[in-house]
Enquirer: 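The following block contains the structure, expressed as structure tokens.
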There are 4 protein chains.
Amino acid sequence: MPKLGMEEIRKEQVIKATENCIIEKGLSNISIKDIAAEAKLSTGIIYHYFKNKDDLLLQVLKEAFRKSHEQVMQTVEPIGDSVVKLKKHIEYIHAVPKDNPEFYAVLMSYLGEAQHNPKVKKIIALFFKNLRSYIVHYLSKNTSQAVGIQDRSRVELLAAMMIGLGLGIGIQWTIEPDFLNLEQLTVDFQDVLGGYFSRSPTADG
Amino acid sequence: MPKLGMEEIRKEQVIKATENCIIEKGLSNISIKDIAAEAKLSTGIIYHYFKNKDDLLLQVLKEAFRKSHEQVMQTVEPIGDSVVKLKKHIEYIHAVPKDNPEFYAVLMSYLGEAQHNPKVKKIIALFFKNLRSYIVHYLSKNTSQAVGIQDRSRVELLAAMMIGLGLGIGIQWTIEPDFLNLEQLTVDFQDVLGGYFSRSPTADG
Amino acid sequence: MPKLGMEEIRKEQVIKATENCIIEKGLSNISIKDIAAEAKLSTGIIYHYFKNKDDLLLQVLKEAFRKSHEQVMQTVEPIGDSVVKLKKHIEYIHAVPKDNPEFYAVLMSYLGEAQHNPKVKKIIALFFKNLRSYIVHYLSKNTSQAVGIQDRSRVELLAAMMIGLGLGIGIQWTIEPDFLNLEQLTVDFQDVLGGYFSRSPTADG
Amino acid sequence: MPKLGMEEIRKEQVIKATENCIIEKGLSNISIKDIAAEAKLSTGIIYHYFKNKDDLLLQVLKEAFRKSHEQVMQTVEPIGDSVVKLKKHIEYIHAVPKDNPEFYAVLMSYLGEAQHNPKVKKIIALFFKNLRSYIVHYLSKNTSQAVGIQDRSRVELLAAMMIGLGLGIGIQWTIEPDFLNLEQLTVDFQDVLGGYFSRSPTADG
DNA sequence: GATGAATGAGACTTCATTCAT
DNA sequence: CATGAATGAAGTCTCATTCAT
């Protein structure tokens with residue numbers, strides 16, 4: 001067994017176990033003992049790798065966001081054309097609740113904490129900010145001109161709306177998966193946005 | 001101070017105190033002692049009016065949703081014209097994070113619980129469902145024809161999107177209030193929807 | 001409603017309710033609220049008639065013993081002949097577990113208390129003492145001579161054994177009613193004692 | 001002080017402390033804090049070794065019965081001759097209240113619980129059953145023939161009576177130790193049984 | 001590094017008792 | 001007399017954290 005590099009492996013092992021526990025029992029219902037049992041480790045060792053429980057829970061959130069970002073980079077980023085990229089991104093966002101429910105389980109668990117825990121709030125805020133920035137970035141390249149949005153603040157609003165819709169729909173779907181057809185919604189939304197884009201230039205011209 | 005006939009007043013007093021505590025300290029960080037202190041009552045009396053802590057927390061959520069529904073009825077319902085109603089409703093929804101941040105504090109606190117607590121899940125699901133139904137109902141009267149949506153499932157999707165966008169934007173705004181201009185977003189969204197509506201009939205005609 | 005005499009009626013009502021609760025839930029598992037509910041009274045009124053819970057529980061025990069004594073007086077005392085009386089008394093004692101299980105429920109509940117509560121101990125001790133005295137009394141009249149027991153301490157021992165056997169058998173039967181045939185045991189015991197009596201004089205003669 | 005391999009020692013330590021508390025304050029008057037203090041341990045560790053208070057109290061009862069059985073095996077079992085064994089057993093049983101008052105303190109404390117706690121009831125029933133079986137077993141070897149009891153159910157009745165008398169006398173003595181002479185009673189009882197045995201064959205012959 | 005026994009603060013909850021009505 | 005709301009002490013149990021091994 002290698003000793004070097006074990007640190008990261010152990011950390012990952014504990015973080016994964018913690019995520020599993022959160023998914024299974026909820027953020028406020030898990031104990032260090034639960035986590036240790038899930039990770040098949042002793043409670044003591046957890047304190048060797050993490051300062052305390054709060055620190056561990058913070059790492060779990062960070063890791064969830066890191067993996068989510070990674071997926072976007074793999075799925076959306078390779079696409080060259082901005083409009084296709086946008087459509088793909090929308091598709092991706094709306095697929096998350098179904099394809100990666102663990103992400104929503106974690107995100108929704110931490111939303112309540114965010115309001116009273118500055119560190120959690122900061123991490124979540126940064127996640128949203130990065131996501132918006134990414135969208136703004138690829139929309140600003142040339143798409144916005146194509147779709148007639150010259151104003152940068154408009155692009156930012158659009159990004160916020162894209163994420164907001166995805167998030168709000170994802171939460172509704174997580175709470176009650178059967179009530180709506182995610183795929184249809186995605187198509188419709190792409191349609192609405194398409195209308196908005198194609199109409200806007202006309203409005204100016 | 002009277003002792004009799006206080007049941008409803010006391011319940012309300014305890015629920016309000018609990019909501020305050022949730023807003024101030026977070027759902028998972030409050031104790032019955034905190035609540036009792038906030039309500040200026042003894043811990044024991046809380047168990048006279050509520051079966052246990054879970055029961056109390058459930059009532060708090062229900063009450064938050066009840067008051068929210070009441071506000072919609074006061075603000076949106078009186079309006080006769082469906083399209084105006086829709087615009088007003090959108091405006092109302094997007095104003096909630098700023099005008100009634102307590103509502104978001106409560107809602108976001110319970111989202112994490114919903115995934116592991118069937119009762120919480122049920123209450124939240126019902127809230128969303130009722131809200132969608134309400135929208136569907138007034139849109140189905142004559143608006144949908146005006147805007148060219150004959151398909152009921154489309155109206156439902158629209159309702160889900162309206163709520164989803166409001167929710168997702170509200171969460172982003174709650175986490176980071178300064179990043180976006182809620183009012184501008186509201187106008188933009190009304191604009192997008194307006195375009196969608198006015199365009200759709202043409203698509204059919 | 002008569003006001004005079006209500007005191008005794010209320011007391012009796014509360015004592016009976018308490019006994020029911022003890023039988024149903026056990027001495028250490030009942031609250032004043034339980035008792036009040038069973039008696040269909042408020043908790044407050046109980047403190048009008050009894051100094052406190054301990055006082056009430058003491059009255060319950062006393063009342064159980066009083067009723068038990070009353071029954072012996074009705075069943076055994078009328079019999080004139082001492083030996084027949086003795087046999088009847090034995091029969092009665094061994095019938096109690098089956099005919100009056102409430103008595104055993106109460107008695108066994110208080111046995112544990114007796115060791116640490118001087119008042120309970122005193123009441124139980126007095127009950128046993130009176131029962132023994134009663135037996136000694138009627139056995140001393142002429143039976144003991146008939147059965148050849150001149151020694152008073154022997155009669156007292158006999159009384160203690162009679163009660164002891166009844167109590168020990170009663171407890172075993174209460175714990176596991178099906179394991180033994182109370183009636184057969186009664187007959188056998190009467191047989192053993194009969195042999196003892198008829199043999200003893202011979203031993204002397 | 002070692003930390004590992006202490007499981008059995010700790011359990012025994014806590015059980016002994018609990019028994020002391022029961023003897024000193026009564027089954028229904030002891031708290032986990034009392035027990036922890038008596039055992040010179042923290043309250044938390046008790047829950048490391050026992051599932052909960054009920055579990056601990058059950059173990060205490062089991063342990064008391066186990067030790068009692070052990071004593072019988074040491075005192076009575078080695079004796080070869082069945083009649084001598086019987087007399088020794090009677091002597092032993094009647095000596096328990098005086099020689100091992102802790103046993104009666106524990107047993108009497110749990111009798112009240114037995115009626116509402118199936119687990120307690122089961123343990124006590126098993127104790128009595130085993131004791132009766134043991135007596136029946138050695139009486140059935142050859143004694144019963146010697147004493148003219150061919151009928152097995154009679155032997156079982158005899159065992160029940162032996163235990164019943166011991167129990168009933170033990171309780172009376174525990175409540176009021178001075179009223180009777182345990183030794184004299186033992187001799188008398190042996191005498192009564194002796195007469196029963198020696199007479200029975202004659203009755204048959 | 002790794003374990004898990006041990007601690008003790010603090011959470012939830014019950015309940016005997018009081019007292020305003 | 002009678003009610004039952006109210007109190008607050010005390011009980012059971014959990015759990016983050018430490019530390020001897």
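Side-chain atoms are counted along with the backbone in the values below, which use heavy atoms only and exclude waters and symmetry mates. Computed from a prediction, not measured in an experiment: that's the story for all the values here. Chain letters run A, B, ... following the sequence lines, proteins first and then strands; every chain starts at 1.
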Enquirer: Might you work through the side-chain contact (heavy atoms from CB on, under 4.5 Å) test for B/S28 and B/E113, ending with a clear yes or no?
Expert: CA-CA 10 Å; B/S28 57; B/E113 288 302 293; 6.0 Å; no

Enquirer: So, for D/F50 and D/K11, which heavy atoms are closest and what is the spacing to 0.1 Å?
Expert: CZ-O, 3.8 Å

Enquirer: Separation of C/I35 atom CD1 from F/dG4 atom P, in whole Å?
Expert: 17 Å

Enquirer: What I'd like to find out is whether the side chain of A/K53 reaches to under 4.5 Å of the side chain of A/I46, using heavy atoms alone.
Expert: no

Enquirer: Given atom CD of C/Q13 and atom P of F/dC1, what is their separation to the nearest angstrom?
Expert: 13 Å

Enquirer: Quickly work out the C/L27 CG to E/dA16 P distance and round it to whole Å.
Expert: 11 Å

Enquirer: Indicate whether any N or O donor in one side chain lies under 3.5 Å from an N or O acceptor in the other, for B/Q59 and B/D55.
Expert: yes

Enquirer: Please give me every residue in residues 113-120 of chain C whose heavy atoms get under 4.0 Å of an atom in DNA chain F, ordered by residue number.
Expert: none

Enquirer: Considering all heavy atoms of both residues, which atom of D/K121 and which atom of C/T174 are nearest to each other, and what is their separation?
Expert: CE-O, 4.3 Å

Enquirer: Does the D/D34 side chain pair with the main chain of D/S31, one donor and one acceptor, at a distance under 3.5 Å?
Expert: yes

Enquirer: Side chains of A/E102 and A/E19: does their closest heavy-atom pair fall under 4.5 Å?
Expert: yes

Enquirer: How do B/H48 and D/N29 order along DNA chain F: which one's closest nucleotide is nearer the 5' end?
Expert: B/H48

Enquirer: Rounded to the nearest angstrom, tell me the gap between atom CD1 in C/I46 and atom P in E/dT17.
Expert: 11 Å

Enquirer: Give one of base, sugar-phosphate or nothing for C/Y49, where a contact means two heavy atoms less than 4.0 Å apart.
Expert: sugar-phosphate

Enquirer: What integer distance in Å separates B/L56:CG from E/dA11:P?
Expert: 16 Å

Enquirer: Send over the distance from A/F50 CZ to E/dG1 P, rounded to a whole Å.
Expert: 13 Å

Enquirer: Pick the nucleotide of DNA chain E nearest each of D/I45 and C/D34; which residue has the one closer to the 5' end?
Expert: D/I45

Enquirer: How are the rings of D/F127 and D/F65 set to each other: parallel, tilted or perpendicular (split at 30° and 60°)?
Expert: parallel

Enquirer: Can C/I124 and C/L61 be said to form a side-chain contact (heavy atoms from CB on, under 4.5 Å), step by step?
Expert: CA-CA 8 Å; C/I124 298 181; C/L61 184 61; 3.9 Å; yes

Enquirer: Rounded to whole Å, how long is the line connecting atom CD1 of A/I9 with atom P of E/dA2?
Expert: 11 Å

Enquirer: Check the interface with nucleotides 12-14 of chain F: list each N/O to N/O pair with the protein under 3.5 Å, or write none.
Expert:
from: F/dT12; atom 1: OP1; to: D/K53; atom 2: NZ; distance (Å): 2.2
from: F/dT12; atom 1: OP2; to: D/I32; atom 2: N; distance (Å): 2.8
from: F/dC13; atom 1: OP2; to: D/Y47; atom 2: OH; distance (Å): 2.7
from: F/dC13; atom 1: OP2; to: D/K53; atom 2: N; distance (Å): 3.0

Enquirer: Is the side chain of A/Q13 donor-acceptor paired with the backbone N or O of A/A39 at a distance under 3.5 Å, no angle test?
Expert: yes

Enquirer: Restricting to non-hydrogen atoms, name the atom on D/S109 and the atom on C/Q115 that form the minimum distance, rounded to 0.1 Å.
Expert: OG-NE2, 3.9 Å

Enquirer: Can you tell me the distance, in whole Å, between the CD atom of D/E7 and the C1' atom of E/dA6?
Expert: 14 Å

Enquirer: Can you find a heavy atom in the side chain of C/I22 that is under 4.5 Å from one in the side chain of C/Y110?
Expert: yes

Enquirer: So what does the secondary structure string of DNA chain F come out as, 5' to 3', with Watson-Crick or wobble pairs under 3.5 angstrom, [ ] for crossing and | for pairs with another strand?
Expert: .||||||||||||||||||||

Enquirer: So does C/R10 get a side-chain nitrogen or oxygen closer than 4.0 Å to the phosphate oxygens (OP1/OP2) of F/dC1?
Expert: no

